[in-house]
Amino acid sequence: MSVLTAAPTEIYESGDSALRVVAISEASEDNWLTVHRLADWLESCGAEGLHGAVPTYDSVLVEFDPILVSARQVRAFVKLGLMEITHAGGSLRAPREFNVPVVYGGEYGPDLGRVAEFQGVDPEEIIRLHTEKTYTVRCLGAPAGSPMMDGPAFPKPVPRLKDPRLSVPAGAVAVAGRQAVIAPAVAPGGWCVIGQTPLSVLNIRREPLVPYKPGDVLRFRQIHAEDFHTFAGMELEPLALEVRR
């Protein structure tokens with residue numbers, strides 16, 4: 001994980017019980033590192049009245065109880081946190097790695113051909129590009145802690161579906177714009193589904209509900225349709241845990 005170079009930030013009020021801290025440097029990686037380091041610091045500092053910090057690609061939403069603490073006090077505390085992480089230096093925690101088996105195309109990836117046609121390549125090239133890189137989880141999105149990631153190196157951004165599906169299956173592997181994602185649970189969706197993993201991503205009996213955190217790394221690998229049920233019922237786990245079995 002890269003060493004932090006603190007990015008300049010701007011702070012905005014978001015209603016009467018939250019502040020939004022936005023990193024505004026031209027370096028997207030510095031922005032991401034800054035807001036995630038700040039979120040970690042805020043979560044661990046134990047300040048009265050702070051409910052939580054939710055980081056995304058370049059901003060963090062800081063939620064607080066306005067009865068216990070004012071927005072002005074929280075703003076000052078955020079500035080203190082930015083100073084602390086700048087002086088502390090260092091890096092985010094070491095990332096864990098996840099290996100995600102995927103069946104591409106057919107009933108498992110109904111939009112693979114659509115994406116290939118739009119990109120002007122064949123479906124095999126889409127699969128190659130999707131599986132050739134590792135993906136850093138940038139933040140958790142909806143629904144159910146979806147791992148939001150920078151997408152594959154396709155020639156062009158992938159347009160969303162004109163008519164979103166009312167139901168996308170759990171494990172759907174999808175792309176849109178310059179982003180990639182896995183759907184942990186059944187939900188409506190307008191992203192292009194190019195494949196599906198048979199692994200269970202969401203576990204409602206587990207805390208946290210999903211096994212990965214921002215900063216962790218995912219790699220997709222192709223499997224054949226006849227192997228889908230071999231993995232069915234297994235949970236997505238870090239590679240280190242698999243080695244210890």
Side-chain angles (χ1 to χ4, degrees), residues 1-2 7 14 18 20-25 27-40 42-43 52-63 92-93 95-100 102 109 111 115 126 129-154 156-161 164-165 168-197 199-203 206 208-221 235-238:
M1 185 63 66
S2 302
S14 185
R20 183 167 175 259
V21 185
V22 183
I24 58 171
S25 83
S28 59
E29 191 71 15
D30 288 350
N31 291 339
W32 181 78
L33 284 167
T34 296
V35 298
H36 282 265
R37 282 289 302 277
L38 176 62
D40 288 346
L42 291 170
E43 289 282 6
V54 184
T56 60
Y57 280 82
D58 60 0
S59 66
V60 55
L61 185 70
V62 184
E63 300 173 307
L92 290 172
R93 63 177 178 81
R96 296 169 301 164
E97 297 185 11
F98 294 80
N99 194 327
V100 185
V102 179
D111 300 316
V115 173
I126 295 298
L129 291 172
H130 193 260
T131 56
E132 77 171 0
K133 64 174 283 187
T134 57
Y135 297 79
T136 298
V137 179
R138 295 298 185 179
C139 62
L140 303 186
S146 301
M148 307 299 297
M149 300 167 285
D150 298 330
F154 293 156
K156 297 180 288 186
V158 179
R160 298 189 181 212
L161 300 176
R165 294 184 173 90
V168 175
V173 173
V175 289
R178 292 292 187 186
Q179 293 179 288
V181 76
I182 304 172
V186 177
W191 290 39
C192 290
V193 178
I194 61 173
Q196 184 178 355
T197 179
L199 299 182
S200 296
V201 177
L202 176 71
N203 185 341
R206 175 178 57 199
L209 299 177
V210 292
Y212 43 75
K213 295 180 179 180
D216 287 336
V217 173
L218 276 62
R219 178 179 284 279
F220 298 99
R221 65 181 180 90
E235 293 190 1
L236 178 63
E237 294 182 346

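Positions are given from 1, in the same order as the sequence printed here. In this text the structure is predicted, and so the values were computed from the model without any measurement.
Contact record, Lys133 with Asp150: NZ-O, 3.7 Å, taken as the closest heavy-atom pair. Pairing each heavy atom of Pro211 with each of Asp216, the nearest pair is O-OD2, 4.4 Å. In plain terms, the two heavy atoms of Val62 and Val21 that are nearest each other are CG2-CG2, 4.1 Å. Val193 approaches Arg165 most closely through the heavy-atom pair CG2-NH1, 4.1 Å. The minimum heavy-atom distance linking Asn31 with Ser25 is given by the pair OD1-OG, 2.8 Å. The two residues Val210 and Ala144 make their nearest non-hydrogen contact at CG1-O, 3.5 Å.
Atom CG in Leu161 sits 5.0 Å away from atom CG in Asp111 (nearest 0.5 Å). Rounding to the nearest 0.5 Å gives a distance of 6.0 Å between OH of Tyr212 and OG of Ser146. Of the inter-residue distances, the one linking Glu235 atom CD with Arg206 atom CZ reads 5.0 Å to the nearest 0.5 angstrom. The CG atom of Asn203 sits 8.0 Å away from atom CG of Leu209, with the distance rounded to the nearest 0.5 Å. Taking OG1 of Thr134 as the reference point, atom CZ of Arg219 lies at 5.5 Å (rounded to 0.5 Å). Rounding to the nearest 0.5 Å gives a distance of 10.0 Å between CZ of Phe98 and CD1 of Ile182.
At least one side-chain heavy atom of Leu218 sits less than 4.5 Å from a side-chain heavy atom of Val137.
When atom types are taken as modelled, the side chain of Arg178 and the backbone of Phe154 share a donor-acceptor pair closer than 3.5 angstrom. Side-chain atoms of Thr34 come within 3.5 Å of backbone atoms of Ala7 as a donor-acceptor pair (strictly under, hydrogens ignored). A donor-acceptor distance shorter than 3.5 angstrom exists from the side chain of Glu43 to the backbone of Ala53, with no hydrogens or angles considered. A donor-acceptor pair is defined here as one N or O able to donate and one able to accept, closer than 3.5 Å; such a pair exists between the side chain of His36 and the backbone of Thr56. Side-chain N or O atoms of Lys213 include none that pairs as donor or acceptor with a backbone N or O of Arg96 at under 3.5 Å. Under a 3.5 Å cut-off, the side chain of Gln196 and the backbone N or O of Ala170 do form a donor-acceptor pair.
Within a 6.0 Å sphere centred on CZ of Arg160, heavy atoms belonging to other residues, nucleotides or ligands number 12 at most.
Qualifying ring-ring contact (aromatic ring centres under 6.0 Å, His included) partners for Phe220, counting only residues two or more places apart in sequence or in other chains: His130, Tyr135.
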